[in-house]
There are 2 protein chains.
Amino acid sequence: MARLPVYLRALTTLSEQGTATCSSEHLAAAAGVNSAKLRKDLSYLGSYGTRGVGYDVDYLRYQIAREIGVTQDWPVVIVGIGNLGHALANYSGFRSRGFRVVALLDADPRRHEEVVAGVDVRPFDDLEQIVRDHSVAIGVIATPALAAQDVADRMVGCGITSILNFAPTVLSVPEGVDVRKVDLSIELQILAYHEQRKTHGATT
Amino acid sequence: MARLPVYLRALTTLSEQGTATCSSEHLAAAAGVNSAKLRKDLSYLGSYGTRGVGYDVDYLRYQIAREIGVTQDWPVVIVGIGNLGHALANYSGFRSRGFRVVALLDADPRRHEEVVAGVDVRPFDDLEQIVRDHSVAIGVIATPALAAQDVADRMVGCGITSILNFAPTVLSVPEGVDVRKVDLSIELQILAYHEQRKTHGATT
DNA sequence: CTCGGTTTGTTCTCGCGTTCACAAACTCCT
DNA sequence: AGGAGTTTGTGAACGCGAGAACAAACCGAG
Ligand SMILES: NC(=O)c1ccc[n+]([C@@H]2O[C@H](COP(=O)([O-])OP(=O)(O)OC[C@H]3O[C@@H](n4cnc5c(N)ncnc54)[C@H](O)[C@@H]3O)[C@@H](O)[C@H]2O)c1
Ligand SMILES: NC(=O)c1ccc[n+]([C@@H]2O[C@H](COP(=O)([O-])OP(=O)(O)OC[C@H]3O[C@@H](n4cnc5c(N)ncnc54)[C@H](O)[C@@H]3O)[C@@H](O)[C@H]2O)c1
């Protein structure tokens with residue numbers, strides 16, 4: 001389920017606050033979901049709670065982390081080191097959650113002199129070798145929209161099976177490759193849509 | 001619906017390619033959805049297609065833009081001009097879609113000397129005045145997680161009713177305020193989850 | 001040991017979104 | 001003008017996730 005990471009973060013927060021055990025009601029409130037939904041999600045992993053008591057925070061946290069795969073170390077490559085690529089490379093929240101940026105790639109030779117967050121920017125053509133050397137399975141695309149499909153094809157071609165795409169394009173990839181799209185303009189447009197309905201008061 | 005912006009972008013692409021009219025099948029492929037779903041979504045706005053022919057690209061594009069509210073100009077404030085805030089402020093895709101960044105706010109006085117993308121960074125305490133002067137309805141939070149709830153409260157307090165949150169926290173806001181959350185770590189964790197299932201081959 | 005209070009795990013129902021399938025409507029060719 | 005082919009708009013069935021409700025299990029007090 002896509003909610004497990006949210007639970008994981010809520011549990012981490014609780015653990016840092018010194019909470020040793022918590023009820024589904026409490027955790028659900030921290031995660032912003034219904035308590036019945038939370039219990040159903042957790043029961044899908046197994047019976048890690050104790051009736052009448054609740055869940056052991058650290059134990060449940062480990063179980064969810066194991067289920068998601070955060071106990072492993074995931075090597076990641078980022079392609080397109082522009083505005084967004086810089087921010088992503090500098091983001092500490094990735095490493096702390098088991099994701100290790102092994103390479104930053106860009107097609108622009110002028111970028112290749114840069115070192116961002118301790119990793120030097122390398123030519124995009126190094127992709128195949130880097131993916132092979134580090135067994136990379138996850139790639140991040142932060143290039144302009146026009147280049148995104150080409151980058152995705154190259155990624156798929158050398159064995160990457162999960163792509164996080166920031167470019168505003170629908171990528172076509174073969175079966176078995178997961179793509180998640182983050183489109184900030186669309187997020188804003190959805191907000192604007194609701195905003196317009198609020199003020200304009202359309203009822204239809 | 002949350003898919004309208006996707007259709008809008010697909011239509012824009014088609015228009016730039018010189019396509020004057022298109023079938024629901026064609027547009028659905030470009031948007032990555034089922035054609036029946038697309039037709040039902042569009043019929044919700046009205047009957048803008050012609051049977052046996054398809055949809056007039058530019059006409060439909062305008063109708064969707066009007067429905068979403070992209071024909072208007074939406075003033076936006078960004079709070080937290082760190083790594084991510086810089087990238088957002090520099091992003092040209094916002095302005096081209098009707099969103100105008102009227103202010104960049106940060107609590108750190110050292111940031112106040114900076115000018116990012118032609119807009120100078122101002123103290124966070126200027127929030128109320130800026131929102132009032134520009135009738136801002138949409139706020140973007142790019143601060144660390146600990147500050148996010150405080151920032152959201154201040155935003156709500158001065159009349160902002162739509163928030164785009166990049167901090168990894170669940171914000172609690174009163175009824176009537178929309179919050180959309182973008183959490184990149186969660187996106188990666190979802191990919192890792194599927195990745196693990198692929199390789200490890202769990203069947204349960 | 002028993003009983004009341006508490007909380008999980010699960011079942012059942014409801015509602016929504018998706019998808020199929022088809023009639024209505026339009027174009028073009030003859 | 002008429003018919004064949006094409007495409008929209010929509011009614012109906014399907015599937016699935018969400019939420020309510022309840023029984024089973026656990027703890028602690030007496
Ligand atoms: N900056 C933002 O806040 C933001 C917000 C939303 C979406 N986006 C999207 O993210 C993407 C990147 O945005 P940005 O602001 O960083 O753009 P940018 O122009 O600053 O950076 C793009 C980088 O990609 C590199 N590049 C171009 N073609 C390439 C290729 N074929 N292979 C490898 N690298 C290539 C360029 O050299 C450049 O360094 C864009 O698609 C944009 O629409 C950005
Ligand atoms: N950088 C990324 O790529 C990335 C990716 C995913 C999520 N995030 C999240 O986005 C947020 C920002 O990330 P970042 O890398 O830009 O962090 P950052 O530390 O570079 O920037 C945060 C900025 O917020 C300012 N700030 C702190 N408290 C504030 C307050 N109360 N009011 C106003 N401004 C305040 C700081 O002065 C700083 O300039 C974080 O919550 C982070 O978890 C960032």
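Just so you know, these numbers come straight off a predicted model, no measurement behind them. Residue numbers begin at 1 in each chain, while the letters A, B, ... track the order of the sequences.
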*Just by distance, with hydrogens left out, do A:D58 and A:S15 show a side-chain donor and acceptor under 3.5 Å apart?*
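Result is yes, a qualifying pair exists.
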*Does a side chain donor of either A:Q129 or A:R132 reach within less than 3.5 Å of an acceptor in the other side chain?*
no
Whether the side chain of [X] engages the backbone of [Y] through a donor-acceptor N/O pair (distance < 3.5 Å, no angle test) should be reported.
X	Y	answer
A:D106	A:I81	yes
A:Q72	A:G98	no
B:S43	B:K40	yes
B:R61	B:V57	no

How close or far is atom [atom2] of [N] from atom [atom1] of [X], stated in whole angstroms?
X	N	atom1	atom2	answer
A:E25	D:dG19	CD	P	13 Å
B:Q63	D:dT8	CD	C1'	16 Å
A:D41	D:dC16	CG	C1'	14 Å
B:L42	D:dT8	CG	C1'	10 Å
A:L4	D:dG17	CG	C1'	15 Å
B:H26	D:dT8	NE2	C1'	17 Å

*Assign each of A:A36 and A:M1 to its nearest nucleotide of DNA chain D by heavy atoms, then name whichever residue's nucleotide is nearer the 5' end.*
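Comparing both residues, the 5'-ward one is A:M1.
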_5′-ward residue of the pair B:G54/A:R51 relative to DNA chain D_ =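 Counting from the 5' end, the first nearest nucleotide belongs to B:G54.
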Is the distance from OP1 or OP2 of [N] to the nearest side-chain N or O of [X] less than 4.0 Å?
X	N	result
A:N34	D:dG17	no
A:Y44	D:dG17	no
B:S24	D:dT8	yes

*Is the base of D:dG19 touched by the side chain of A:K40 through a donor-acceptor pair closer than 3.5 angstrom?*
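For A:K40, whose side chain was compared with the base of D:dG19, there is a donor-acceptor pair (under 3.5 Å).
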*Boundaries of the DNA chain C segment in contact with chain B, non-hydrogen, under 4.0 Å*: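 So the outermost contacting nucleotides come out as C:dT18 to C:dT27.
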*Does A:K181 come within less than 4.0 Å of B:E187, counting only side-chain N to carboxylate O?*
no
*asked:* By nearest atom, which of the nucleotides D:dG9, D:dG11, D:dT7 is closest to the B:R39 side chain?
replied: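 Of D:dG9, D:dG11, D:dT7, D:dG9 is nearest to the side chain of B:R39.
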